[in-house]
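Report on the structure given below.
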Amino acid sequence: MDDKTSARIDYALRAWLDVRNTQAETSLASGRGQEGRRSAVTGGRHMDAIHQLVVDEIKATGATGLRFSQNRGATLPGFYRASKSWDLVLLQRDVPVLAVEYKSMLGSEGKNLNNRADEIFGMAEDTRQAEIRGLLPPQMRRAYIFVMAENPENSKPVRVVETLGDSDPVFDGASYVQRMAIMLERMRDTGLFHMTWAVTVKEDPFSWSEPNKAVGWDRFAADLHSAFWTGTPRPDPTTP
């Protein structure tokens with residue numbers, strides 16, 4: 001990773017922290033103290049700088065005829081449900097070519113990571129089935145970005161709950177941070193998503209790291225540029 005890219009990521013993640021903290025402080029000041037931590041990750045604007053980081057990288061591919069849609073404008077048809085709103089939908093000449101979801105997590109990883117996994121797998125499979133059945137174009141890509149606040153609790157080894165059958169040994173002794181990275185790598189490698197980025201952030205002193213370079217920014221950006229190497233996305237080779 002070059003210095004310019006590192007600085008761009010540094011800026012985006014610092015902004016994520018700043019907005020998160022401002023939202024939490026506002027919640028506390030208004031007397032909703034119990035909502036402080038939750039509001040820090042549900043306030044609505046904490047991922048704006050991450051979004052801009054992705055938009056800038058998309059523009060750097062050199063692709064033309066692009067339109068960026070957010071909020072209600074980023075709603076795509078589903079198969080198991082009528083529709084799903086994504087954080088960003090990229091259209092090229094009015095055809096959806098990329099759907100991006102941003103998520104962040106602060107605390108309660110034991111419960112929240114599993115809940116997030118259920119949500120992620122469902123949305124990806126719903127969209128994939130919509131593509132297979134012609135409701136979405138076959139060249140559309142799916143991208144997922146996960147930002148996790150790193151702390152001593154989510155960085156320590158976690159015991160695997162006893163299962164009825166053998167659990168995958170890759171999870172033995174893996175921390176919640178490592179589990180998150182494993183999940184994102186497998187999401188990409190199995191075709192649920194085409195590009196994923198896993199990053200963790202420490203607040204004091206500020207620093208960020210990528211728990212697995214296989215799901216780092218360099219790989220995410222390379223996959224993005226590869227999708228647009230001709231200026232227009234190629235049909236998804238993983239779609240039956």
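What you see is a predicted model; the values in this text were computed from it and never measured. Residues: numbered from 1 along the sequence shown.
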Once side-chain hydrogen bond (donor to acceptor under 3.5 Å, both in side chains) is applied, do any residues pair with Asp172, and if so which ones, sequence neighbours excluded?
none

Under the side-chain contact (heavy atoms from CB on, under 4.5 Å) rule, collect the residues that match up with Arg188, sequence neighbours excluded.
Glu185, Thr196, Ala214, Val215, Arg219, Asp223

Partners meeting side-chain hydrogen bond (donor to acceptor under 3.5 Å, both in side chains) with Ser6 (sequence neighbours left out):
none

For residues 157-170, which residue pairs qualify under side chain to side chain donor-acceptor pair (under 3.5 Å), counting only residues two or more places apart or in two chains?
Asp168-Arg186

Val158 meets the side-chain contact (heavy atoms from CB on, under 4.5 Å) criterion, sequence neighbours left out, with Tyr176, Arg179

Are the side chain of Glu210 and the backbone of Ala198 linked by a donor-acceptor contact shorter than 3.5 Å?
no

Tell me whether the rings of Phe220 and Trp197 are parallel (<30°), tilted (30 to 60°) or perpendicular (>60°).
tilted

Can you name the residues that form a ring pair (Phe, Tyr, Trp, His ring centres under 6.0 Å) with Trp86, not counting sequence neighbours?
none

Does a sphere of radius 6.0 Å around OH in Tyr11 hold more than 12 heavy atoms from other residues, nucleotides or ligands, not counting ones at 6.0 Å or beyond?
no

Distance only, no hydrogens: is a donor on one side chain within 3.5 Å (strictly under) of an acceptor on the other, for Asn115 and Glu119?
no

Crowding at NZ, Lys103 (>12 non-hydrogen neighbours, <6.0 Å):
yes

Return the set of residues passing side-chain contact (heavy atoms from CB on, under 4.5 Å) with Lys156 (not counting sequence neighbours), or none when no residue passes.
Glu153

Residues 117-160 vs ring pair (Phe, Tyr, Trp, His ring centres under 6.0 Å), sequence neighbours excluded, gives Tyr144-Phe193

side-chain hydrogen bond (donor to acceptor under 3.5 Å, both in side chains) against Glu150, all qualifying residues, sequence neighbours excluded
Ser155, Thr200

Qualifying residues under side-chain contact (heavy atoms from CB on, under 4.5 Å), relative to Pro137, sequence neighbours excluded
Val95, Pro96, Gln139, Met140

Partner residues of Asp126 under the side-chain hydrogen bond (donor to acceptor under 3.5 Å, both in side chains) criterion, sequence neighbours left out:
Arg81

Verify the neighbour count for atom CZ of Arg133: are there more than 12 heavy atoms of other residues, nucleotides or ligands below 6.0 Å?
yes

Looking at Glu131 and Arg128, is there a salt bridge between them, counting it only when a charged N and a carboxylate O are closer than 4.0 Å?
no

Got a sec, which residues hit ring pair (Phe, Tyr, Trp, His ring centres under 6.0 Å) with Phe79, two or more places apart in sequence or on another chain?
none

